[in-house]
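First the structure, in the form of structure tokens, and then the observations on it.
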Amino acid sequence: MSRRTIIGKCRICGSVGPLTYEHIPPESAFNDQSVLEPNRDLIIGRDTIEYLDNRKGRTNQRGVGGYTLCGDCNSKTGSWYVPAFTDFSHALYPMCAGLEVYKSGWITLKIKPLNILKQIMTMFCSVNSERYAEVHPEMIRFILNQENRALPDKFRISIALYNLEHSVVLRSTGIASSMDMNNGRLSVFSEISFPPLILMLDVGQYPVDERLTNITWFKNYNYNEVRSINLILKSLPISTPVGNFLTETELRALYTDS
Ligand SMILES: [Zn+2]
């Protein structure tokens with residue numbers, strides 16, 4: 001199969017030219033076909049029950065991702081931030097496999113908090129359109145300057161554990177919104193869910209789900225600074241293309257009841 005050159009606008013720096021394939025999450029953080037279970041696909045805009053009933057067991061041979069970044073942004077963020085994010089993912093994997101669904105677990109880790117946060121923001125730029133970086137230039141400065149800690153207060157990054165046993169799909173959502181019908185609160189968010197982590201970027205006033213652990217404070221450290229930190233993380237299941245955290249059984253029960 002011939003590889004075409006994809007020309008487009010880099011979703012970080014905005015330059016137009018050949019784009020490189022960006023793994024989201026990084027290939028080294030379990031995003032390759034050897035680890036991805038065959039019945040766990042990225043589904044977008046499909047009827048989930050229909051999907052669950054007709055699982056083919058396909059795997060993405062290349063790992064999940066897309067042609068989103070120029071070579072320069074891809075290699076810079078890859079060498080600056082990916083190693084710290086990969087170590088973080090590897091340290092959390094046993095918890096995502098072992099912790100019971102909806103339970104919280106406590107862990108102490110030696111990590112590079114700012115590097116991890118910058119990799120997470122890089123991934124959120126990649127799953128959103130190139131317009132996203134254009135309207136948030138401060139986010140671009142945060143990513144392309146290793147030492148920059150000026151992530152605006154409107155960005156809230158939170159994480160949870162991707163419950164391996166009860167999750168059936170992967171999830172990657174550019175900017176989306178949801179409204180809580182009980183109180184009329186509108187949430188605006190992006191999400192990347194891939195074992196072992198559920199990553200959430202909230203930009204609205206109200207976070208989409210309070211059960212996730214806020215890690216925005218990772219921005220208060222220096223680039224490459226190593227810290228021992230304590231985290232309490234909840235294990236959540238993913239069975240729908242967007243929004244809710246439900247097990248497959250809970251989702252099927254909702255469909256039956258509606
Ligand atoms: Zn670029």
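Every number for a ligand or one of its atoms is a count from 1 in the order of the listing. Note that the structure is predicted; figures quoted are calculated from it, not measured. These numbers come from the heavy atoms of this one structure, side chains and all, not from hydrogens, waters or symmetry mates.
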Among pairs that include at least one residue of residues 118-128, which meet side chain to side chain donor-acceptor pair (under 3.5 Å), considering only residues two or more places apart or in two chains?
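Applying side chain to side chain donor-acceptor pair (under 3.5 Å) to every pair that reaches into residues 118-128, excluding sequence neighbours, yields Thr68-Ser126, Asn128-Ser190.
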Single hit among Thr247, Leu246, Leu212 for side-chain contact (heavy atoms from CB on, under 4.5 Å) with Leu236:
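With Leu236 as partner, Thr247, Leu246, Leu212 yield a single side-chain contact (heavy atoms from CB on, under 4.5 Å), made by Leu212.
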Taking the ring centre of each residue, are His166 and Tyr102 less than 6.0 Å apart?
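No, ring centres 6.0 Å or more apart.
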Distance criterion under 2.8 Å: protein N/O/S atoms around the Zn ion (ligand 1)
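Under the 2.8 Å cut-off, the count stands at 4.
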Give the intermediate values and the outcome of side-chain contact (heavy atoms from CB on, under 4.5 Å) for residues Tyr206 and Asp180.
CA-CA 10 Å; Tyr206 304 105; Asp180 186 330; over 6 Å; no
Transitive ILVMFWY cluster of Ile232, excluding itself - 4.5 Å side-chain cut-off
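Ile232 clusters with Trp106.
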Which residues share a salt bridge (Lys or Arg N to Asp or Glu O under 4.0 Å) with Asp87, sequence neighbours left out
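Asp87 satisfies salt bridge (Lys or Arg N to Asp or Glu O under 4.0 Å) with no residue once adjacent residues are dropped.
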